[in-house]
Amino acid sequence: MIDAKHRPEDTTKSDKVEQNDSIFDTTQSSDPSSHVLSTNKPKMTITDTDIVSTSILFFAAGYETTATILSFLLYLLALNENCQQKLYEEVNGQTVKNETNSYDNLTKLSYLEACIAETLRLYTPVSLLGRTASEDYTIGNTGITVEKGTTIIIPIHALHHSPDYFPEPKQYRPERFLPENRDKIIPYTYLPFGAGPRNCVGMRFALMEAKAVVARMVIKYEFIRTANTKVPLQYVSKSSIPRPTDFTVGVHYRSKIG
Ligand code: HEM
């Protein structure tokens, strides 16, 4: 952002080209230089206020979300011993084989990924999304027209807990997200990071961060339910992301691991 602030304002491109920035979307374009074109020539200047507010957004959007999901995951592992054992065996096997938890190794741990995905389903930090129609839009052949300016709420939490999409939705079942089962998930019913051009920019970073933390923790510690572990959890009211009043789980050191 500091680099962008000192970059001269680009006045050479017409608005028409700027409005079509989506054609330069790196997820769709195979031409890497097109991305450089759209980011190197910002239309507007960036102020100190923009930098500070964007930095705060990154802390708010990036820190609490990931910390929350890690806490829920350890809590769920404490309650679901079989899942924890399976996860431990996967991580332990991979670590012993490859010695380190490198980026490449972490991407191979499909049960770890499934445990994180299932935690994000049950305890999605962002429970709903909003989208405002920029023009009148008729949904397929339903006859329903969303008028320009109308805000639609997408209830992520409700979708994730619907038995229509996730059988026995209250059960923690990482298997739902194993590679062989993923095609059973109906598109747009699972939205922990949102969807479309304004989805979470930190998704890949958050997933990698969570994998690295959990892999290191389950290899050294075992998480257990104690008399003080609250089931079900109770929540602090007026919190934008789910915040339990008490998240206590027991921790055992796995002595055989160095
Ligand atoms: C488990 C962790 C996370 C979850 C569940 C999460 C979830 C979300 C969701 C649901 C949205 C709204 C997407 C939409 O409207 O379609 C969002 C947006 C955003 N997230 Fe995340 N996020 C996480 C981690 C992060 C991290 C680590 C960062 C930054 C380092 C981050 C930065 C952002 C930003 C900047 C936006 C706004 C994007 C925009 O409006 O264009 N998030 N996130």
Side-chain angles (χ1 to χ4, degrees), residues 1-2 4 18-19 21-28 35 38-39 42-44 46-47 49-77 87 103 106-107 109 112-134 137 146 150-162 165-166 172 174 176-177 185-217 235 239-244 247:
M1 284 189 286
I2 291 167
E18 289 291 346
Q19 278 161 15
D21 265 354
S22 61
I23 62 168
F24 302 125
D25 184 341
T26 45
T27 57
Q28 288 165 26
H35 181 234
S38 67
T39 54
K43 197 175 126 191
M44 54 181 210
I46 294 177
T47 65
T49 307
D50 293 329
I51 293 178
V52 171
S53 52
T54 306
S55 304
I56 291 170
L57 173 68
F58 263 73
F59 275 114
Y63 179 79
E64 280 294 313
T65 44
T66 313
T68 303
I69 211 64
L70 285 170
S71 305
F72 277 115
L73 178 47
L74 299 183
Y75 171 81
L76 285 165
L77 292 178
L87 178 60
Y103 178 89
L106 286 172
T107 58
L109 302 173
L112 172 60
E113 187 163 85
C115 287
I116 294 170
E118 177 69 339
T119 307
L120 282 164
R121 182 188 69 80
L122 272 173
Y123 297 107
T124 178
V126 181
S127 55
L128 51 87
L129 293 177
R131 289 289 190 273
T132 304
S134 57
Y137 182 78
V146 181
T150 307
T151 297
I152 301 286
I153 300 295
I154 298 124
I156 308 179
H157 179 93
L159 288 167
H160 286 191
H161 288 77
S162 165
Y165 307 129
F166 298 97
Y172 182 67
R176 299 179 209 267
F177 292 94
I185 294 164
I186 299 168
Y188 301 108
T189 58
Y190 180 66
L191 295 167
F193 293 101
R198 293 300 296 267
N199 74 346
C200 176
V201 288
M203 179 180 79
R204 284 181 192 82
F205 172 72
L207 289 174
M208 192 43 64
E209 188 182 13
K211 283 181 195 174
V213 170
V214 176
R216 285 187 77 110
M217 291 192 88
Y235 295 91
S239 171
S240 57
I241 58 174
R243 192 186 302 279
F247 235 152

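Quick caveat, the model's predicted, so the values are computed rather than measured. All ligand and atom numbering here is 1-based and tracks the order in the structure.
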> So, is the end of the R176 side chain (NZ or CZ) under 6.0 Å from the ring centre of F166 and within 45° of the ring's axis?
Replying inline: no
>> If the cut-off is 4.0 Å to any non-hydrogen atom of F205, which atoms of ligand 1 fall inside it?
In response: 27 (C)
>> Take a 6.0 Å sphere around OH of Y235 and say whether it holds more than 12 heavy atoms from other residues, nucleotides or ligands.
In response: yes
> So which protein heavy atom does atom 12 (C) of ligand 1 come closest to, and at what separation?
Replying inline: L129 CD2, 3.6 Å
> Which atoms of ligand 1 have any heavy atom of P192 under 4.0 Å away?
Replying inline: 5 (C), 7 (C), 10 (C)
> With a cut-off of 6.0 Å (strictly less than), are more than 12 heavy atoms of other residues, nucleotides or ligands near CD1 of I153?
Replying inline: yes
>> For the aromatic rings, using the six-membered ring if either is Trp, is the centroid distance between F247 and F72 under 6.0 Å?
In response: yes
> Minimum heavy-atom separation for I156 to V126, with atom names?
Replying inline: CD1-O, 3.4 Å
> Looking only at heavy atoms, which two atoms of F177 and A117 are closest? And how far apart?
Replying inline: CG-CB, 3.5 Å
> Any protein heavy atom lying closer than 4.0 Å to atom 37 (C) of ligand 1?
Replying inline: no
>> Using a strict cut-off of 2.8 Å, how many protein N/O/S atoms surround atom 21 (Fe) of ligand 1?
In response: 1
>> Test of understanding: with side chain to side chain contact (heavy atoms under 4.5 Å, CB included), list the residues that count as partners of L159, not counting sequence neighbours.
In response: I154, Y165, L191
> Can you name the side chain to side chain donor-acceptor pair (under 3.5 Å) partners of T47, sequence neighbours left out?
Replying inline: D50
> Against heavy atoms of F58, which atoms of ligand 1 measure under 4.0 Å?
Replying inline: 29 (C), 30 (C), 35 (C)
>> Please state which option from R198, E64, R131 has its nearest heavy atom closest to atom 41 (O) of ligand 1.
In response: R198
>> If the cut-off is 4.0 Å to any non-hydrogen atom of A195, which atoms of ligand 1 fall inside it?
In response: 16 (O)
> In terms of atom number and element, which parts of ligand 1 are under 4.0 angstrom from non-hydrogen atoms of P125?
Replying inline: 5 (C)
>> I'd like to check the side chain to side chain donor-acceptor pair (under 3.5 Å) partners of T132; sequence neighbours left out, ordered by chain and number.
In response: T151
> Short list, please: which atoms of ligand 1 are under 4.0 Å from a heavy atom of T66?
Replying inline: 2 (C), 27 (C)
